Amino acid sequence: MTLSPVPRHPLGPAHPLHRLLRRTRCRAVLRLSLLAFTGGLNLGGALAQAPAAATEAARTLDSRMLDAQDAARKRDRARLLDHRNALVAARHPLASWAEYWELGNRLGEARQDELDAFYARWGGSYVEDRLRNDWLLELGRRRDWRNFALEYPRFKMNDDREVSCYQLLLRHQAGDDVRSSARSTWLAQRSVDDGCHLLATTLVESKRLSGADVWLKARAAAETGRLSLLKQTLSLLADPPADRTVQQIYDQPQRWLQHAPARQPELLVLALVRLATSDPVAASTALQERAGGLAADTAAWAWAAIAKQAAWKLMPEAEGWFQRAFSTPPGTTGKPRDIDWGEETLAWRVRAALRSAPDPSRWTRILEAIGLMSATQQADTTWVYWKARALQASAATGSEGEAQRMAARVLWERIAPQLNFYGQLAAEELGRRQDLPARPAPPSAVERLQAEQHAGLSRALTLIALGLRNEGVREWNFSLRDLNDRELLAAAQRACDREVWDRCINSSDRTRQEVDLAQRFPTPFRQEVVAMAQEVGVEAAFVYGLIRQESRFITDARSSVGASGLMQVMPATAKWTAKRLGMTFTQDMITDRSTNLRIGMAYLKLLMDDFGGSQALATAAYNAGPSRSRRWREGPTLEVAAWAESIPFNETRDYVKKVLSNASIYAALMGGQPQVSLRPRVTPPIAPREPSAAPENRELP
C-alpha cells in the first residue's frame, strides 16, 4: 500500500492533534492516523497493529543512534556509515548527529563542498556550528586561510581558544594591531595546540611579543605542572634551553638550583617556581640565597609565586612572603610595583591577608591587592564584597572616614540583589535581609507552544532521553543562546515538565529581569526528602541546597570519579554508611533514589555531628573529604566567609559558598518566607577543635 502525503487538516496547524503528530517519530503511523481521523481510510484491524510496529521501529532506530555513537567513538567507519544511512533514510530526529559523527570522523580528508552541503542540510542547528568549529581547526592546521576567512564569521559559538588564535593571526597578517588581545589569549592557553603556538611564533618573529612575555608564560606552565606547554613555550626563544635542562628543572628543581649558573636568572626563576609547588620553604631559602643575581622586579615576582603556593597550602609564612614581594623597593616611593602578577596571585594575596592576624594594616593590603586586579576581576562579586569590607574596616573614625564608609555601602548595594553567597552577605552588611524576587507570570500558552516547537530543544530532550546526556546538554545550551527572559522561562518550564531538572535550572538561571525561583530552586521528591530528612535529623533545605549543587536532581548522575545518584555518594562511602545503618546494600543500588537519599543524608548527618554542627565544615567535608576539612580548620579563628574563601581547592571553595547560599534560599521558599537569611549558616566562626570536644570520628570516609 502506498501512503499519500499528509493532508492539511481544516482545524489548522495549531490544533492539538497536529502538535501531537509533529512530535511523533513514525511517519507511516502519522499518515495512517490522520487519514483515519479525516475519514479518508478504513483501516479495520490494521490500525491496531500499526502502533506496536511503529514502536518497535522507533526502538530499532534509537538503538542505531546509540550504535552510531559507539562506532564513532571506536572510529569504525563502515559501521558508522551504515547507521548514518539508515537514520537519514528514516528521517530520525537525531539523524543530524549521526551525520556529524560520520563526517567528523573523516574530517582530515573532507572537502569544503562536503561541509557546505552539511551546513545546508542542518542550518541553524547545534551540529552545524559544532562541525564548523571542528572544520575551522582543520582549516587552520591545513593553513587554508581563504576558506578559514569565509567560515569564521559564521561561527556562532566562537568559544574555542585555538580558533581565536588562528583568527588573530589572520588579523595580524592583514595589518591589524592585535598584540593586546593576542597576548592575553595566548597567555590563557593551558595545553599544547597548533593555533596559539603559531600565533605566538609569528608575533615573536615580528617583535609583537617579547622575550619577557615568553618567560612569563613559561613560569605559569612550570607552576601549573604543564611540562609539554613549558617546552613548547621555551621553543619560542631565540636561544631556547636544552630539553634536558628543562626536564631537570621540572623533575628535580632543588638539585638543579644547587648547581645553577648565575648567568641564567630566568631559568633560576623557573626552578624556584617549580620547587615552590612542593616545598615553599625550600624555595624561599633558595631565593634568599640567589636573590642578589635577580633584578628587583624578577625577585619580587618570585617571592609572590612562592607566597601563592604557601597560601594555597594555608601556610602562615605566606603573608610575610607576599609583603616582601609587594613592598616598595628601597630608595623608591609611590605606587606598588608595575608587574604582571596574574589574577590567581592577586586572589591568593587577598586570601592570605584574610587568614592573617586581624591587624588594621591587613585591610590596607587587601585594598592594594584588589586595586591591582583587572577591571573584570574587580567586578567579580567576591572582590566587590571584600573591597567593601576593607574600605569599611580601614576607614578613619568619625566624619573623616564617612566618605570611605559610604563607598563601602555603595559597593554592597551593587551586589546585594544578587542571589548568591556574597550578595546575601552584602545585604546583611547593610543591615537587612535579602528580598526574594516576586514570581513572574507563568509562560503563556503561546510561549509554551513556541518552546514545544523549538527543534533544538526537542532534539536535546530526545538525546537526553536516549542516554546521550552530554550531547543533549550541548544542544540545549546552544538553543538558549538568543532567547529573551520570557522564552527562557518557557524553555525552563518545558524541561521542568519533563523532570529534566538540570536543564530546568540552567535555563531559568539565565534570566535577568524575570526571576522564577520555583524553577531555579525546584523541590523534586519533596515529600520523600522532607520525611527522610526529619527521620535522619538534618535540615531539608540544607539537603536540597546540597543536591542542587551535587547532581541538579539527576537521579542517575555519575561523576568522573565515580560519585553517583542524587547526592553523589562515592561507592566506598555508600558501602561504609550502609553498613553503619545496618542496611542491605549492593553497588547497583547506589542510584536507587530512596537508597541514595538515605545513605547521603545519613552520611551528611555524621559529618554535621563530627564538625559540631557547622554547615560550612560539613559541606567542605562532603565535597573534599573530612580529613581535608579538619586540616583546613587548623590555624587562626576565622569568620566563615574568610575561611570559605581561603579553601585551597577551587571546586570545593565554590561548592561551599553555593551550597550554603542554596540552602538559605530553599529555607525561605519552603518556609514561605519573603526574605533570605544566610547569617545562621555562617556562624559560629571556624576554629580548631576545642580540646574539650568529643574525639574526631576518624572512621568517616
Side-chain angles (χ1 to χ4, degrees), residues 224-225 277 308-315 318 343-345 347-352 354-355 380-383 385-386 420-422 424-425 538 542-552 557-574 600-601 603-608 610-664 678 681-683 685-689 696-697 700-701:
T224 53
T277 62
K308 177 171 69 171
Q309 291 298 321
W312 190 87
K313 297 176 187 297
L314 306 184
M315 295 171 58
E343 290 190 357
E344 278 295 292
T345 297
W348 279 105
R349 202 274 170 267
V350 176
R351 292 172 185 137
L354 289 174
R355 287 187 65 90
D380 184 275
T381 311
T382 302
W383 310 123
Y385 174 82
W386 287 112
N420 55 42
F421 184 77
Y422 282 118
Q424 292 168 21
L425 285 180
V538 292
F542 184 34
V543 172
Y544 268 117
L546 186 143
I547 296 175
R548 185 182 188 272
Q549 193 60 28
E550 283 284 358
S551 67
R552 286 290 200 264
R558 185 177 177 84
S559 75
S560 58
V561 296
S564 300
L566 283 172
M567 298 193 71
Q568 289 290 277
V569 185
M570 291 293 289
T573 301
M601 287 190 211
Y603 180 65
L604 182 61
K605 178 63 164 63
L606 289 169
L607 290 174
M608 287 285 289
D610 194 55
F611 288 101
S614 169
Q615 289 192 2
L617 284 167
T619 301
Y622 196 94
N623 179 261
S627 61
R628 290 193 179 100
S629 198
R630 293 186 192 110
R631 187 165 68 249
W632 296 339
R633 75 184 296 185
E634 295 304 318
T637 298
L638 298 172
E639 59 179 288
V640 170
W643 179 83
E645 191 53 51
S646 66
I647 290 174
F649 296 172
N650 293 343
E651 177 192 321
T652 306
R653 184 187 322 119
D654 184 62
Y655 178 89
V656 169
K657 292 186 287 188
K658 285 184 175 176
V659 169
L660 297 181
S661 173
N662 290 348
S664 67
L678 181 62
R681 300 176 197 279
V682 294
T683 51
I686 306 296
R689 186 183 292 265
E696 296 171 343
N697 183 356
L700 279 168

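Keep in mind that this is a model prediction, so the values were computed, not measured.
K313 NZ to R631 CZ: the interatomic distance, rounded to the nearest 0.5 Å, is 10.0 Å. To the nearest 0.5 Å, atom CD1 of residue I686 and atom CD of residue E634 are 11.5 Å apart. Rounded to the nearest 0.5 angstrom, L660 CG and F542 CZ are separated by 6.5 Å. Taking OG1 of T345 as the reference point, atom NZ of K308 lies at 3.5 Å (rounded to 0.5 Å). If you take OG on S661 and CZ on R681, they are separated by 10.0 Å, rounding to the nearest 0.5 Å.
A donor-acceptor contact shorter than 3.5 Å links the side chain of R351 to the backbone of E645. Side chain of S629 to backbone of L617: a donor-acceptor contact under 3.5 angstrom is found. Distance alone, capped at 3.5 Å, is enough to place a donor-acceptor pair between the S646 side chain and the A642 backbone. Looking only at distances, a side-chain donor or acceptor of S564 sits under 3.5 Å from a matching main-chain atom of G562. For Q568 (side chain) and G565 (main-chain N/O), a donor-acceptor pair under 3.5 Å exists by modelled atom type. T619 places a side-chain N or O within 3.5 Å of a backbone atom of Q615 that can act as its donor or acceptor partner. In this structure a side-chain-to-backbone donor-acceptor pair under 3.5 Å is present from Y603 to P701.
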Query - side-chain contact (heavy atoms from CB on, under 4.5 Å) between K605 and V543, worked out - result: CA-CA 10 Å; K605 178 63 164 63; V543 172; over 6 Å; no

Query raised in the report: Does the side-chain contact (heavy atoms from CB on, under 4.5 Å) test come out yes or no for Y622 and Y655, once each step is laid out?
Result: CA-CA 10 Å; Y622 196 94; Y655 178 89; 3.5 Å; yes

**Report entry** Candidate pair L354 and L638, rule side-chain contact (heavy atoms from CB on, under 4.5 Å), full reasoning
**Finding:** CA-CA 8 Å; L354 289 174; L638 298 172; over 6 Å; no

Query raised in the report: Can F421 and L425 be said to form a side-chain contact (heavy atoms from CB on, under 4.5 Å), step by step?
Result: CA-CA 6 Å; F421 184 77; L425 285 180; 3.6 Å; yes

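Among all heavy-atom pairs drawn from V640 and V682, the shortest one is CG2-O, 3.3 Å. In plain terms, the two heavy atoms of Q424 and S664 that are nearest each other are OE1-OG, 2.8 Å. Taking every heavy atom of both residues into account, F611 and P626 meet most closely at CZ-O, 3.7 Å. Between A618 and M608 the shortest heavy-atom distance is CB-SD, 3.6 Å. Shown here for L607 and A621, the closest heavy-atom pair between the two residues is CD2-CB, 3.8 Å. The shortest non-hydrogen separation linking N697 to R630 is O-NH2, 2.9 Å.
For the pair N420/K657, no side-chain contact is recorded, criterion being any heavy-atom separation below 4.5 Å from C-beta on. Side-chain contact between L566 and E550: absent, with no pair of heavy atoms (C-beta onward) separated by less than 4.5 Å. Contact annotation: the side chain of L546 never approaches that of M601 to less than 4.5 Å [non-hydrogen atoms, C-beta and beyond].
With a 6.0 Å radius and a threshold of 12 heavy atoms from other residues, nucleotides or ligands, K658 has its NZ atom at or below the threshold.
Ring planes of Y422 and W386: perpendicular class, angle over 60° (limits at 30 and 60°). Ring geometry for W632 versus F649: interplanar angle over 60°, hence perpendicular rather than tilted (30 to 60°).
Test T382, I647, N623 against R653 for side-chain contact (heavy atoms from CB on, under 4.5 Å) and you get one pass: I647.
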